[in-house]
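Notes for the one structure printed next.
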Amino acid sequence: MENTIDALFFLPSWPLQADGILLAALTLVSAALAGEALFKFFRWPRIIGYSLVGMIAGALGFGVQAGALVRERSAFAIVFDMGMALLLFEVGGRVNLSWLRANPWLLATSIAEAVLTFVAVTVLIISLGYDATLATATAIIMVATSPAVVMRVTAEFKAQGQLSERLLLLAVLSTVYAVVAQGFLLGWLHHEYGHNLWAALLHPLYVFGGSALLAFVLAWAVAWFEPHIDLRDEHASLLVLGLLLLMIALLRAFEMSVLLTPLLAGMWLRHRAARPLVWPRHFGSVGGVLVLLLFVITGMSLSWSSVLGGGAVALVIVGVRSLAKISVLALLGPPSGLSMRQSFALGVALCPMSAVAFALTAQIAARYAEFGAALGAMVFSTIAILELLGPLAVKWSLRRSGEIQP
């Protein structure tokens with residue numbers, strides 16, 4: 001018997017040990033199947049399935065620490081940054097800033113919506129007995145509407161029309177406001193916790209200046225290659241993915257904003273072009289996988305202890321945040337050329353939160369763990385709710401406005 005066992009030494013030991021590749025494959029297959037099932041049977045956006053699978057994986061013990069996505073150079077962090085940079089670059093390339101000059105009410109609506117959301121959430125959280133700095137940090141993150149969710153849902157259901165374009169523009173502008181405000185908040189935290197006034201003043205200037213410079217370099221590189229290659233070809237678009245990956249490496253090395261740079265680069269490209277550049281959605285199949293994994297990793301990274309601990313507060317925040325956005329659109333939508341029905345629908349569609357809000361929270365948690373834990377208790381709960389309800393709100397709004405055909 002012993003000789004027989006020795007002769008089978010080449011067989012694996014039992015029980016089999018699952019490695020990272022097996023777990024990643026199972027997660028990827030499960031997310032793809034869940035997304036397709038929700039889309040086929042309920043006509044729900046696929047990203048709900050992606051996020052749901054990620055949340056379940058996190059609850060089963062396969063989660064990823066939020067701060068680790070910022071501090072570490074793990075495969076999860078690289079995929080997360082790459083997927084987010086790809087989506088933000090693509091979103092920025094679809095935004096037409098000249099529309100703001102043609103219709104100044106759009107800019108007024110965007111600013112008013114961001115300001116009222118910030119003030120309403122700040123007052124709410126302070127009234128609940130929380131610290132003013134924590135309330136400010138939470139309110140800044142609540143300003144941002146997820147442009148990734150908006151673009152995915154509009155593309156998936158082939159939505160076309162004025163409301164879809166306005167929604168994307170307002171989502172991008174709110175993201176820019178939140179990223180810039182969070183940079184100044186980090187400067188304030190340097191002063192409050194580190195008592196370093198110079199760091200408080202210089203850090204935001206360093207991050208924004210460097211990020212804008214790298215955004216210009218990335219946009220210039222894509223614009224230089226554009227006359228020589230056809231970016232509509234999926235194989236040529238791999239060049240853009242390579243440039244984005246190179247940009248992420250530089251941003252991480254110099255500790256600059258992975259959120260702001262690709263968004264500004266895409267917006268600059270769109271602004272300088274007579275017509276928008278055309279390339280495959282998410283730059284082909286590789287980009288599609290990265291986007292799927294982005295939503296899965298976001299779901300996996302939501303701390304369930306934080307989600308459950310802050311659930312009641314998060315529900316109130318969701319309500320106040322939504323009410324603030326809807327109120328501004330109901331007031332300023334008609335002067336900008338929308339009907340009251342369209343204005344209400346656009347306000348509802350501004351509710352999604354996802355990877356951008358998560359990344360803003362993770363950046364704070366990576367530098368100030370104790371403050372980040374308190375912040376995450378409220379923000380992660382809100383993200384968990386709006387990652388699932390937000391895509392449905394966008395679809396409902398566009399369908400109600402007649403921009404999604406039955």
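Atoms considered below: every heavy atom in the structure, side chains included; atoms not considered: hydrogens, waters and symmetry mates. For reference, positions follow the sequence shown, starting with 1. Treat the numbers as computed from the prediction; the structure is a model and nothing was measured.
In this structure, the side chains of Ile126 and Asp131 stay at 4.5 Å or more apart for every pair of heavy atoms. Using a 4.5 Å heavy-atom cutoff, the side chains of Tyr206 and Leu202 are not in contact. When side chains are defined from C-beta on, Pro334 counts as touching Met340, because their heavy atoms get closer than 4.5 Å. Counting heavy atoms from C-beta on, the side chains of Val53 and Phe295 never come closer than 4.5 Å. With contacts defined as side-chain heavy-atom distances shorter than 4.5 Å, the pair Phe254/Leu250 qualifies. Looking only at side-chain heavy atoms (C-beta outward), Thr138 and Val379 come within less than 4.5 Å of each other. Residues Thr298 and Ser301 have side chains not in contact (no heavy-atom distance under 4.5 Å, counting atoms from C-beta outward). The closest side-chain heavy-atom distance from Ser257 to Phe208 is not below 4.5 Å.
With hydrogens and angles ignored, the 3.5 Å screen pairs a side-chain donor or acceptor of Ser127 with a backbone N or O of Leu124. Thr175 places a side-chain N or O within 3.5 Å of a backbone atom of Thr145 that can act as its donor or acceptor partner. Within the 3.5 Å criterion, the main-chain N or O of Ile404 finds no donor-acceptor partner in the side chain of Lys395.
By the side-chain hydrogen bond (donor to acceptor under 3.5 Å, both in side chains) test, Ser336 pairs with Arg166, sequence neighbours left out.
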For Glu403 and Ser164: C-alpha separation, side-chain torsions, deciding distance, then whether side-chain hydrogen bond (donor to acceptor under 3.5 Å, both in side chains) applies. CA-CA 8 Å; Glu403 298 191 6; Ser164 303; 2.5 Å; yes
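Shown here is Gln160, whose CD atom has no more than 12 heavy atoms of other residues, nucleotides or ligands within 6.0 Å.
Closest of all the heavy-atom pairs between Gly35 and Tyr50 is CA-CE2, 4.1 Å. Between Arg270 and Val95, the closest heavy-atom pair is CG-O, 2.9 Å. Between Leu88 and Pro147, the shortest heavy-atom distance links the atoms CD2-CG, 3.8 Å. Considering every non-hydrogen atom in both Leu293 and Leu28, the closest pair reads CD2-CD1, 3.8 Å. Nearest heavy-atom pair across Ile140 and Leu185 is CD1-CB, 4.0 Å. Scanning all heavy atoms of the two residues, the minimum distance from Ser397 to Ala349 falls at OG-N, 3.4 Å.
Counting only N and O atoms by type, the side chains of Glu113 and Ser174 include no donor and acceptor under 3.5 Å apart. Between Ser354 and Glu387, the side chains place a donor N or O and an acceptor N or O closer than 3.5 Å (distance only, hydrogens not considered). With no hydrogens or angles considered, a side-chain donor-acceptor pair links Ser110 and Tyr177 at under 3.5 Å.
Under 4.0 Å is where a charged nitrogen must lie from a carboxylate oxygen, and between Arg152 and Glu156 at least one such pair does. Between Arg367 and Glu255, at least one side-chain N (NZ, or NE/NH1/NH2) sits under 4.0 Å from a carboxylate O, which counts as a salt bridge.
Partner of Pro352 under the side chain to side chain contact (heavy atoms under 4.5 Å, CB included) criterion, chosen from Leu389, Val394, Leu386: Val394. The side-chain hydrogen bond (donor to acceptor under 3.5 Å, both in side chains) test with Tyr368 singles out one residue from His190, Gln363, Glu192, and that residue is His190.
Note that the CD atom of Gln162 and the CG atom of Leu346 stand 9.5 Å from one another [nearest 0.5 Å]. With rounding to the nearest 0.5 Å, the separation of OG in Ser343 from CG in Leu329 is 6.0 Å. For the atom pair NZ of Lys40 and CG of Leu33, the computed distance is 11.5 Å after rounding to the nearest 0.5 Å. Annotation: the span from Leu169 atom CG to Leu100 atom CG amounts to 5.0 Å, rounded to 0.5 Å.
Taking the six-membered ring for Trp, Phe39 and Trp44 have ring centres at least 6.0 Å apart.
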